[in-house]
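Working notes, beginning with the structure itself.
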Amino acid sequence: MEHAIISHSSIEAIAESIDIKKLSVEAAKALSPDVDYRLREIIQDAQKFARHARRTRITTEDVNDAVRLRNFEPLYGFSNKDAAKYTRATGHPDMCVVKDPILPLDKLLEQPLPRPPVEVGLMPHWLFINGIQPIIPENAPLEKPVSRQPKRPATVLLPGGAIKRPTNAEFTAAAASQPAAVSLPVAQVQPPVQHSLSKELQLYFDKVVVLLKGQSLLSSSGPTAAAAAAGGQPGIEGSVPSTRGNLSSATSPEMNRQQRAAFESISNDPGLHPLTPYFVKYVVDEVACNLKNLQILRTMLQLATAIISNPHIQLEHYIHQLLPPVLTCLVAKSLGSNPSDDHWSVRDAAAVIIKQVCVRFSDPFFNVQPRISKTLLKSFLDSNKPLATHYGAVIGLAALGHATVSHLLIPHLYNYMLRLRPFLEGSPVSKVLESQKVAGQVSSRSSTVTAGLQVLGSQRVDAYRVHGAMLDAVSSAVNERKVAASMLCNATQDRRHKRIPAWTDEVASITAVGDSGGGNCDADRQEKDYGDVVMRDVEVPTVSWQAGVILDTAVNRKRGRGTGSGTGMNGDVTAVSPTVEERIQSILAGSWREEADVQREEADLEKIYWALEQIFGESFTARIPTPYPSFLNL
Amino acid sequence: MNEQDWNLIILQYLKKKGFSEAEQAFSKAAGQPLRDVMSLSHRLETHKGVVEHLVSHFSADGDPQAPVDAFDKLVVWIDNSLDVYRGELSRVLYPVFIHTYLDLVSRDASAAASSLLNKYRRRMADAAGSGNRSRSQQLQELQSITSPQQMETHRLVKQLATARHPVRMSSYCHDLLLYYLHTGPGMLPISVVISQHISFELSEMTPSLGHIEDEAGSGSDADDGVDRDDMDAHATNQTEVALGLLQGNIEDLYIEDKHKSHAPVASTAMDADTAAIATASGEDGGQKGAAEGQQSTAGASEPLTKKSKKEKEKASLAAAAAEAKRKERPERVEPQHFVPPLAEELTQQWFRDIEARTEVSSSALPSCCFFTFVNSKQSLTCTAFSRDAVHVAAGFTDSTIRLYDVQQLSSRRVQKQDSNMMDVDHEEDVENEANASQHMSNAVSSTSRPCVRLHGHTAAVYSVDFSHDQRLMFSGSGDGTVRLWKPDLGCGLAALHGHLLPVWDVAASPHGWLLASASADRTARIWASDATKAVRILSGHQSDVDLVRWHPNCHYVATASSDHSVRLWDVASGQCVRLMAGLRNRTATSMAMSPDGKQVACGTDEGSIHVWDLGSARRVCTLQGHVGAVWSLAYSSGAGALIASGGADETVRLWGNAEASVEGSSAMPPTSSLPSMPPGTSSSPAYNPIKAFRTKSSAAVSVSFTARNLLLGAGAFTLRSATHRSLKSKK
């Protein structure tokens with residue numbers, strides 16, 4: 001019996017495990033075919049039990065049934081509805097054992113009783129009706145459809161909501177029309193087809209529209225009234241809390257709940273595909289008509305988010321319609337009836353949607369992201385556009401990822417900051433300090449900040465917004481790039497100290513220039529450090545980063561003296577000597593180049609860091625991730 | 001022959017094989033000096049050979065009964081071997097049988113030889129499968145050889161003596177066989193035969209795979225286009241069967257009933273549409289006339305609703321079909337045993353069902369209502385629907401049966417949909433509700449909850465079924481009992497003991513009070529609901545009987561077994577009348593009989609569906625599509641144009657009958673109705689896949705068509721690990 005699975009050595013091992021010390025090899029050899037055969041019998045019977053229980057896998061209960069069938073005592077204590085958990089035995093890589101931990105009895109007894117199992121439920125539903133499967137949650141496959149087949153034009157125009165009996169003729173007709181539809185524009189080939197929608201879907205749509213409209217009417221009546229009141233007396237702090245109060249109180253909790261449920265349903269329900277064109281059209285129309293009503297815009301963006309996040313809706317054919325209103329919300333010249341309204345949050349929400357779209361549709365439409373970023377960049381570079389538009393463009397680009405930012409935003413950063421500077425300037429010290437805080441927390445949008453912003457002139461506010469957004473985008477992009485680079489060179493961590501970047505000399509020279517420009521500094525501790533470092537730098541140019549930091553502080557200090565107030569005026573780069581200026585510009589212009597070589601990439605990054613610090617100052621330093629500055633102390 | 005001679009023979013053998021160490025050891029142990037042996041062996045060289053020497057020894061003074069007994073033992077051993085290996089092992093039976101027979105004849109023990117032949121002849125012929133002509137001829141010739149003198153000259157004997165019979169086998173089976181032959185007592189004659197006449201071709205493949213290849217290669221399968229003479233060789237399948245529907249079955253009664261209403265004098269009690277048909281057919285009797293007549297009446301009378309118009313059209317079509325059927329009466333059989341008459345209200349209800357039936361075909365697909373069990377935790381084993389789809393019964397591994405009331409289960413909303421979809425008009429809906437309310441008043445425990453739990457079995461319930469009038473429910477369980485339940489009262493009525501091992505399947509007969517059960521004890525039993533003892537025991541399968549289904553005329557039951565065969569049994573005589581062994585080493589997991597009684601379809605555990613023609617016992621077609629076991633199968637009511645199947649791959653698939661669908665769409669032209677097809681012709685229509693519908697992660701444990709051709713399916717929602725993972729990742 002050399003083909004038996006259980007060998008005589010296994011028999012010996014088993015015998016040993018049940019304390020039969022002396023089992024002769026002959027006995028084991030005689031036993032092994034018999035054990036093997038009996039095992040096969042048990043397995044066969046267990047298979048039968050599993051098959052008749054309509055299962056494809058054998059459970060321990062099946063084995064016990066099989067053992068019982070042969071009038072043996074079953075094995076108690078192994079019945080488990082879940083699959084057994086195997087762990088690898090220590091020392092034997094090929095051997096697995098079932099986890100069987102020893103549980104103290106007293107602890108078991110102390111434990112509360114386990115919850116009773118849930119009662120079996122029965123759910124009737126339609127699997128298919130006249131051969132057509134309705135798209136309802138009960139039928140939806142748990143896996144997402146793998147194949148992204150282009151849909152037949154017939155189904156696009158005639159979504160399956162209508163219950164219609166498909167005949168063979170129809171199928172062949174659809175198949176025949178397909179090549180024609182591909183070669184010619186669809187609109188010419190297709191006769192005007194009535195878009196039939198099932199009654200249920202129609203009801204659903206109406207209900208959602210009423211709900212959204214009711215919501216936005218109800219809540220917008222508050223804010224618009226408040227906004228009108230605020231419009232009469234702009235800049236008065238009192239109006240702001242009232243607006244906010246209206247926003248939160250006017251939406252009744254019931255409405256809120258229903259709306260949330262509606263969005264939840266739209267983002268999950270598998271049967272809503274036929275409604276997609278209607279929803280998209282609705283969003284387009286509402287956004288076009290209600291640019292002044294922020295509440296409606298917010299609702300519409302929520303709706304767009306819900307549609308996009310529904311995995312069952314195939315949005316590929318509608319995305320070109322859905323994108324323009326979203327982009328409008330992002331970069332519109334003015335949103336809301338009053339400039340003091342919080343249209344920033346609308347733009348932020350739109351940016352999030354842009355990101356979602358790019359993530360989801362980059363596969364079928366490879367050019368969706370380039371096109372969006374091109375649009376955004378255009379509005380960013382257009383100096384005629386208001387700052388709010390620039391803000392939208394910046395957050396939009398930032399949402400598209402760090403590559404976009406370093407390719408498109410950073411090269412233009414320097415010139416843009418020059419343009420932005422006039423708007424930022426000429427403010428009292430306290431306001432500037434405030435604005436710095438804003439720039440740091442622009443994403444959090446706490447109420448105090450908003451309140452503070454209301455006091456400032458709207459242009460300045462806008463400028464600070466843009467500045468903050470820019471800072472956010474750039475710093476996160478650069479940091480991300482840094483993380484990627486450091487992951488690449490993780491292995492070469494220790495080599496960092498030995499490395500002498502090629503550009504250190506240049507920085508040193510620049511530092512020297514900066515030093516000479518601002519030689520007469522205040523006598524403080526930093527001064528001393530600075531002097532030391534410069535000395536070291538000139539002699540042994542090893543730690544290039546320090547040079548950048550020192551330079552930054554030097555520049556700041558110098559600039560602080562130049563303006564005569566404060567020390568950290570952001571974005572003020574005029575005082576930097578022309579050499580530094582050019583240097584910054586060239587570094588930033590070349591920032592899009594990502595080096596394949598780790599060392600050069602790091603060197604590039606360090607240059608960029610340095611340049612950015614020149615532009616943003618301390619608020620940028622604060623955003624350098626913690627692991628990075630750690631080797632400042634080296 | 002003395003002791004020394006034996007030693008000599010063994011030594012000779014060892015020498016011949018080159019086992020020098022063993023030879024020396026043996027000669028030492030035997031105490032014989034080596035050279036003596038050498039001299040003796042020299043003396044024996046003149047003999048033909050050692051093995052033949054042994055054989056001559058056995059033939060000289062062996063008991064003629066010994067080979068017969070040994071063969072009996074071998075047969076029993078093979079029958080009791082594991083299902084997977086039985087097929088392979090039984091391949092040695094036939095050559096062993098022939099040579100044992102010839103051996104007996106050559107030893108002039110013709111009495112033992114003929115007893116052997118008589119005992120196994122039928123089995124040997126059957127095992128060959130239909131179409132193996134040479135084997136049956138050989139058996140015929142063997143019978144004629146009765147004396148050693150004949151053997152000298154017989155062509156067949158010479159042929160068999162010279163050639164070794166090749167048997168393909170997996171290594172493990174070979175091991176098993178040799179182990180048995182070596183250790184089994186009194187198996188020496190068989191081992192001699194095997195070592196002399198059989199050459200094994202060992203393969204490393206698993207038995208099942210090897211078997212399929214073998215079958216395909218040998219071409220002994222039924223679907224290889226063998227002509228009809230060959231088929232006659234199949235002993236069992238020669239038996240006459242009357243596969244026609246029962247006389248006075250409900251479909252015929254319905255047609256007759258309709259015909260009565262055709263009488264020129266339309267009674268006033270008739271409702272509008274029947275009258276319309278009556279007048280129409282009174283005018284010119286044709287279908288076209290009927291349609292015209294209907295239109296004219298519709299125009300004359302007050303504007304009818306769309307629904308009733310549709311109804312009317314259907315009725316007229318049915319009437320036309322009835323006309324056609326009357327002209328060419330398909331065969332009908334007299335009931336063999338007592339068939340209780342249907343209750344009047346039941347007949348009326350069934351008539352209504354037939355009237356409301358939507359003909360389904362590959363161009364007119366049915367609707368499917370699926371019942372998903374949730375939180376069942378792999379414990380759901382089987383479900384059954386009552387004929388009117390009011391009850392759903394489900395058996396569980398925790399030995400309970402849960403009985404659900406569909407109308408209470410589904411909310412009013414669903415019920416409304418239901419009535420729309422089922423093409424029942426309003427009047428009937430009301431009536432259904434009336435029935436339901438009546439039922440509810442009857443029910444003691446089911447009033448409050450839509451689910452009644454029935455306790456009684458002591459092991460997992462493997463099958464449930466409703467009687468034809470829904471007044472009884474049957475269940476079979478792992479504890480070996482069949483139980484009768486009263487669904488209305490929610491209580492058990494009787495336990496039928498008899499099966500020794502788990503009952504895998506129960507089926508209530510389509511007429512009357514009979515019940516069939518299939519069990520792991522290799523029998524199927526027929527029970528009458530008025531007795532606690534089985535009225536028939538159908539034995540013959542060589543392994544578990546997994547499935548049992550009634551023929552529509554109640555005279556036959558079909559069983560499918562783990563021995564990879566499907567049999568048809570005559571209920572009256574208890575004899576096997578058809579044997580279809582073409583499951584290709586796959587186990588049947590589902591079975592269905594066509595409503596016309598001509599076909600049986602069988603789903604297997606690897607996803608294929610085999611359809612056989614019962615009259616000729618030939619395979620009509622094999623449907624491939626499912627991945628994994630086919631848990632359930634159902635023919636559509638009426639013409640049986642569709643097969644629905646539910647599988648472990650979580651799909652419900654529809655298979656269409658090409659010809660029947662043509663019939664269905666063209667309103668059944670009178671010339672080509674399915675039942676009129678002559679039996680035995682191979683023009684039975686092939687089925688082709690229409691569509692597959694995915695369920696939500698629930699394998700369809702059962703599917704069935706209602707009398708109105710609504711497809712009902714049921715399955716348990718099971719989260720598999722893979723889907724679970726994908727779900728998690730999605731979140």
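By convention in this document, chain letters (A, B, ...) are assigned in the order of the sequence lines, proteins followed by strands, and residues within each chain are numbered from 1. Since this is a predicted model, take the numbers as computed values, not measurements.
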Contacting moiety of E41(A), where chain B heavy atoms sit under 4.5 Å: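 Both parts, backbone and side chain.
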Contacting region of D45(A) [heavy-atom separation from chain B under 4.5 Å]: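 D45(A) has no heavy atom closer than 4.5 Å to chain B.
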So, taking the atom named [atom1] in [X] and the one named [atom2] in [Y], what distance separates them when rounded to the nearest 0.5 Å?
| X | Y | atom1 | atom2 | value |
| --- | --- | --- | --- | --- |
| D65(A) | T397(B) | CG | OG1 | 9.0 Å |
| S562(B) | Q47(A) | OG | CD | 10.0 Å |
| Q378(B) | R54(A) | CD | CZ | 14.5 Å |
| L69(A) | D544(B) | CG | CG | 8.0 Å |
| W126(A) | L711(B) | CH2 | CG | 10.0 Å |
| D605(B) | R51(A) | CG | CZ | 6.0 Å |

Give the minimum heavy-atom separation between [X] and [Y], together with the two atoms involved.
| X | Y | result |
| --- | --- | --- |
| F371(B) | L122(A) | CB-CD1, 3.5 Å |
| R694(B) | Q133(A) | O-NE2, 2.7 Å |
| S376(B) | V120(A) | CA-CG2, 4.0 Å |

Side chain, backbone, both or neither: which part of [X] has a non-hydrogen atom closer than 4.5 Å to chain A?
| X | result |
| --- | --- |
| Y404(B) | side chain |
| S543(B) | side chain |
| S81(B) | both |
| I690(B) | neither |
| N709(B) | neither |
| A648(B) | side chain |

Can you confirm if the NZ or CZ of R40(A) lies within 45° of the ring axis of Y172(B) and under 6.0 Å from the centre of its six-membered ring?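 Here R40(A) passes the 6.0 Å and 45° test against Y172(B).
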Between the side chain of S367(B) and the main-chain N/O of N130(A), is any donor-acceptor distance below 3.5 Å?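 Checking the backbone N and O of N130(A) against the side chain of S367(B), a donor-acceptor pair under 3.5 Å is found.
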Give a yes or no answer on whether the side chain of E138(A) reaches the backbone of K696(B) with a donor-acceptor pair at less than 3.5 Å.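 Answer holds: no.
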Quick one about H52(A) and T381(B) (side-chain donor to acceptor, distance below 3.5 Å, no hydrogens or angles considered), yes or no?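 Judged by distance alone, the side chains do not pair up.
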Does a salt bridge link D546(B) with K48(A), judged by any charged N lying under 4.0 Å from a carboxylate O?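 No, D546(B) and K48(A) are not salt-bridged.
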Counting C-beta onward and ignoring hydrogens, is there a side-chain heavy-atom pair between [X] and [Y] closer than 4.5 Å?
| X | Y | result |
| --- | --- | --- |
| F128(A) | L365(B) | no |
| L127(A) | V652(B) | yes |
| I132(A) | F693(B) | no |

Please verify the inter-ring angle class for Y462(B) with F49(A); under 30° counts as parallel, over 60° as perpendicular, anything in between as tilted.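 Tilted.
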So which of [options] has the biggest tally of heavy-atom pairs under 4.5 Å with chain A?
| options | value |
| --- | --- |
| F373(B), F396(B), F370(B) | F370(B) |
| N375(B), D505(B), L82(B) | L82(B) |
| D83(B), T589(B), V701(B) | D83(B) |

